[in-house]
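Down below is the structure, laid out as structure tokens.
Values in this document were obtained by computation on a predicted structure and should not be read as measured data. Each ligand, and each atom within it, is numbered from 1 in the order the structure gives.
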Amino acid sequence: MNILITGGAGFIGSHVVRLFVNKYPDYMIYNLDCLTYAGNLENLKDLENATNYTFIKEDITDALTINALFKEYKFDKIIHLAAESHVDRSIKDPVAFVKTNVIGTLNLLNAFKECHKSNFKNKLFYHISTDEVYGSLGESGLFTETTSYDPNSPYSASKASSDHFVRAYGETFNLPYVITNCSNNYGPNQFPEKLIPLFINNIINNKPLPVYGDGNYTRDWLYVEDHAKAIDLVFHMGDNRETYNIGGFNEWKNIDLVKLLCKQMDIKLGRPMGSSKKLITYVKDRPGHDKRYAIDASKINNKLGWKPSLKFEEGLSKTIDWYLNNTVWLENVTNGNYQLYYKKQYS
Ligand code: NAD
Ligand code: DAU
């Protein structure tokens, strides 16, 4: 089986690629990634010599190249993760998000459809999406698979749009698909622009921890390897044209999470208790900031037997250890363009 994984050099993608390459030696895994600032082949150094793994540096917005690749490799199944994924960047440059997340997804759908000429036996288009498409929750309630779409940021609007196109290709062209909508991931290899790795990096360097607004925004956190395991299950056992929500059963207000992170960092860095907390700085809120996300993951739990394996405190501790043991990785990804972005975002 030839499997195309897009965005495999990014955060979640690299964990999915590693799991598939190691667990399924009979599958040929093709990782297509154009290596934006968020893509990093260092994430997959351990797979360089694997015989069932090929890296392809191409861009999903380039329809001609994507069509040619499908002609050459006749990919049977796709796990599509490539995307622009940071909400704050989408506020600064929405068009980039439409190009990659919407047009890029359409290019893959068209190439997949053309390649198999409507003979879709044992074929699959698996689209990795986000809980942000559902918008924001109030104090109570959970997102289910039937919650109406109500995206509030250019990022979530682009992901909602790509979800709609995948479903439309299912209805119109009979294209076999599954979609999963997952909550906030954390863990090793996450680019330090997202809350947890950004704050770990800032604590290491004694820099302010910029908490947006009053800090009382809530997210539902899931360890990235648990997400990869859920993707493996849905890929093999998910029903055609179904959506599954994936979440951590693990809601945290940002400020409480940040305080826990500060406590763990003080211990690990051997600094006096309370030193990291002093770095907390409340800053201007994110425009259109969604108040609360929380996933009802009972469908994937009941139907496929998936549940998160790690408690948050344990996952956070493992994550901090990874960043402390991989300072060269951190330095390599935080120079150059990232510094420019950081200045613009937080000045
Ligand atoms: P990421 O930003 O870390 O990685 C994205 C990857 O896609 C990078 O390797 C980048 O180089 C690649 N890419 C971007 N544009 C491309 C293009 N035009 N052509 C080819 N490759 C391109 O993202 P992530 O956090 O790993 O998220 C992966 C997917 O999971 C995304 O679709 C995202 O919407 C979704 N998701 C993320 C989270 C989360 O918490 N991070 C939660 C739910 C869903
Ligand atoms: O819910 C899934 C989504 O989770 C994914 O689809 C996105 O790709 C991923 O980036 C993430 O989106 P968020 O916007 O929730 O993640 P982020 O880490 O950017 O922010 C988490 C929370 O922390 C959010 O309420 C904003 C806040 N925050 C973030 C940053 C970067 C701050 O207070 N300060 C910051 O500097």
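- Of all atoms in ligand 1, listed by their number and element, those nearer than 4.0 Å to a heavy atom of T36 are 10 (C), 11 (O), 14 (C), 15 (N).
- Per-residue contacts place K194 under 4.0 angstrom from the following atoms of ligand 2 (heavy atoms of the residue considered): 10 (O), 18 (O).
- Between N189 and W322 there is a side-chain heavy-atom pair separated by less than 4.5 Å.
- Heavy atoms only, all atoms of each residue included: G187 and T319 are closest at CA-OG1, 3.5 Å.
- Those atoms of ligand 1 that come under 4.0 Å of a heavy atom in C182, given as number and element, are 42 (C), 43 (C).
- Residue P210 has at least one N or O atom closer than 3.5 Å to an N or O atom of ligand 2.
- With respect to atom 42 (C) of ligand 1, the closest heavy atom belonging to the protein is S183 O, 3.3 Å.
- Protein heavy atom at the shortest distance from atom 5 (C) of ligand 1 is A83 O, 3.5 Å.
- Using the six-membered ring where Trp is involved, F312 and W252 have ring planes that are tilted, between 30° and 60° apart.
- Between Y126 and Y177, the ring center distance fails the sub-6.0 Å criterion.
- Short contacts between ligand 1 and D59, defined as distances under 4.0 Å to a heavy atom of the residue, involve ligand atoms 17 (C), 18 (N), 19 (N).
- At a heavy-atom distance under 4.0 Å, only side-chain atoms of E132, from C-beta outward, approach ligand 2.
- Between F112 and Y169, the distance from one ring center to the other does not fall under 6.0 angstrom.
- In terms of protein heavy-atom proximity, atom 2 (O) of ligand 1 is closest to S85 OG, 2.7 Å.
- Near S129, meaning under 4.0 Å from any of its heavy atoms, are these atoms of ligand 1: 43 (C), 44 (C).
- When only non-hydrogen protein atoms are considered, atom 33 (C) of ligand 1 lies nearest to Y155 OH, 3.5 Å.
- Atom 21 (N) of ligand 1 has as its closest protein heavy atom C34 N, 3.2 Å.
- Polar contact with ligand 2: present for Y212 (N/O pair, distance under 3.5 Å).
- Only the side chain of N254 comes within contact range of ligand 2, with a heavy atom under 4.0 Å; no backbone atom does.
- Residues F191 and Y37 bring their aromatic ring centres within 6.0 Å.
- Short contacts between ligand 1 and N184, defined as distances under 4.0 Å to a heavy atom of the residue, involve ligand atoms 40 (O).
- Remark: ligand 2 and R219 share an N or O pair separated by less than 3.5 Å (distance only, no angle test).
- The protein heavy-atom contact nearest to atom 9 (O) of ligand 1 is D33 OD2, 2.5 Å.
- Contact annotation: G8 has no heavy atom less than 4.0 Å from any atom of ligand 1.
- Near E193, with a cut-off below 4.0 Å to any heavy atom, the atoms of ligand 2 are 31 (C).
- Of all the heavy atoms of A83, none lies under 4.0 Å from any atom of ligand 2, so neither backbone nor side chain is involved.
- Residues Y223 and H227 place their aromatic rings such that the two centres sit no closer than 6.0 Å.
- Taking every heavy atom of L35 and a limit of under 4.0 angstrom, the matching atoms of ligand 1 come to 11 (O).
- Between S276 and the options D266, N206, N202, a side chain to side chain donor-acceptor pair (under 3.5 Å) holds for only D266.
- At least one N or O atom of R286, backbone or side chain, sits closer than 3.5 Å to an N or O atom of ligand 2.
- Here the shortest heavy-atom distance to atom 30 (O) of ligand 1, taken over L32, I128, L41, I60, belongs to I128.
- By the criterion of a heavy-atom distance under 4.0 Å, the side chain of L198, and not its backbone, is placed next to ligand 2.
- Numbered from 1 in the order shown, with element, the atoms of ligand 1 that lie under 4.0 Å from a heavy atom of G39 read 8 (C), 9 (O), 11 (O).
- Between H116 and F70, the ring center distance fails the sub-6.0 Å criterion.
- Of all atoms in ligand 1, listed by their number and element, those nearer than 4.0 Å to a heavy atom of E58 are 19 (N), 20 (C).
- Using a cutoff of 4.0 Å between basic side-chain nitrogens and carboxylate oxygens, R292 and E251 are scored as salt-bridged.
- With hydrogens left out, the protein atom closest to atom 32 (O) of ligand 1 is K159 NZ, 2.7 Å, a heavy atom.
- For atom 27 (O) of ligand 1, the nearest non-hydrogen atom of the protein is I12 CD1, 3.8 Å.
- Those atoms of ligand 2 with a heavy atom of V211 less than 4.0 angstrom away are 33 (O).
- Ion pair E242/K299 flagged as a salt bridge, since at least one NZ, NE, NH1 or NH2 atom sits closer than 4.0 Å to an Asp/Glu carboxylate oxygen.
- The closest approach between a heavy atom of H289 and any atom of ligand 2 is below 4.0 Å.
- In summary, the side chains of S162 and N101 do not present any donor paired with an acceptor at a separation below 3.5 Å, with no hydrogens or angles considered.
- The shortest N or O to N or O distance between Y217 and ligand 2 is not under 3.5 Å.
- Using a 4.0 Å cut-off between heavy atoms, V87 contacts ligand 2 through its side chain alone, with no backbone atom that close.
- By the 3.5 Å distance cut-off applied to N or O atoms, T130 is counted among the residues near ligand 2.
- A salt bridge links R89 with E193; the closest basic N to acidic carboxylate O contact falls under 4.0 Å.
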